[in-house]
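Presented below is the structure to which this report refers.
Just so you know, ligand 1 is whichever comes first in the structure, and atom 1 is the first atom listed for that ligand.
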Amino acid sequence: MKIIRAEYLGMCFGVKDAIALAFETAAGTPLTVLGDLVHNETVLGELKARGIRIEQDAAAVATPTVMITAHGASERKLADARGRGLKVLEATCPLVHVAHRTLAGLVRDGFHPVVIGKRDHVEVRGLTEDLALFDVVLEDADVAALPPRPRLGIIAQTTQPIDKVRRLAQLIRERFPQAEIKFVDTVCQPTKQRQNAAVALAQQCSVVVVIGGADSNNTRELVSTCGRFCSRVHHVRMAADLRDDWFQPDDIVGITAGTSTPDAVIEGVHRRLDRLGTEKHERQMV
Ligand code: SF4
């Protein structure tokens, strides 16, 4: 069994920095993270072990310091937390800040804001909560339901697949040929690198293992991307999820991982695949 890794995989710098800030802060003061820092059970377990609490609502925060995740937050949400007397630490990824600034610029220039992304995703809520009027689209049907506007300013949730984003932006142009449309690509570079590397990986493998939390959106996107180029794709959270009967001795096995998957978990899966390959080879020799 040959095992190869995607050129880009696993945790992005935005998530790594947010986790580091949480650990560093919690070493000196009790800390609550507002919302899910990462959709990964292993990391969430580590946060808990260091006494870091997670709450979805500022009203439930019982520590003096609260941290905003890498996904960012609206001014309204930040003001609400500060208004409750909380010290607010922002771990917002700089690339999410870029999306915020881009959207604000489009609105300032008179464009009606349209975000390509998931309406109820924390990043999209952060992008749109301060706006009086906006639209969020994720599927063709959402584009078909858009009301006509003379000027549309389009951006994307940073973790959406870039092919899908470009296609939806083009669909909006075709639906409103008379409108002035400005599309700014705000999908982040680490997402693009991981998606492109997953395609390249899936094209050369007989089976692909995608590592990430069960609730991780970008891990599921990687599973779906790999599934377009490889018929045997398995989503695992950790090494213990791997099953011996998924693999054949002559398989080329690809490994990729979502942006919230820690390096240690990737290493664990790689080691276990190595062992499975060795065992299969030895069984063949008997
Ligand atoms: S996925 Fe992209 S935008 Fe989100 S934290 Fe990572 S680098 Fe930042």
Fill in: Worked check of side chain to side chain contact (heavy atoms under 4.5 Å, CB included) between Thr191 and Asn218
CA-CA 8 Å; Thr191 292; Asn218 75 83; 6.0 Å; no
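Close contacts of ligand 1 with Cys93, meaning ligand atoms under 4.0 Å from a residue heavy atom, involve 3 (S), 5 (S), 7 (S), 8 (Fe).
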All N/O donor-acceptor pairs, side-chain side in residues 19-29, below 3.5 Å, sequence neighbours left out:
residue	atom	partner	partner atom	Å
Thr25	OG1	Leu21	O	2.6

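Aromatic ring orientation, His234 versus Phe247: perpendicular (interplanar angle above 60°, classes split at 30° and 60°).
Salt bridge Asp244/Arg283: present, at least one basic N to carboxylate O contact under 4.0 Å.
The two atoms that bring Met11 and Arg194 nearest to each other are O-NH2, 3.3 Å, heavy atoms only.
The closest non-hydrogen atom to atom 7 (S) of ligand 1, taken over Gly72, Ala18, Pro190, comes from Pro190.
Contacts with ligand 1 closer than 4.0 Å are made by side-chain heavy atoms of Thr159 only, the backbone lying farther away.
The closest protein non-hydrogen atom to atom 6 (Fe) of ligand 1 is Cys12 SG, 2.3 Å. For atom 3 (S) of ligand 1, the nearest protein heavy atom (residue, atom name, distance) is Thr158 OG1, 3.4 Å.
Among the atoms of Cys188, an N, O or S atom falls under 2.8 Å of atom 2 (Fe) of ligand 1.
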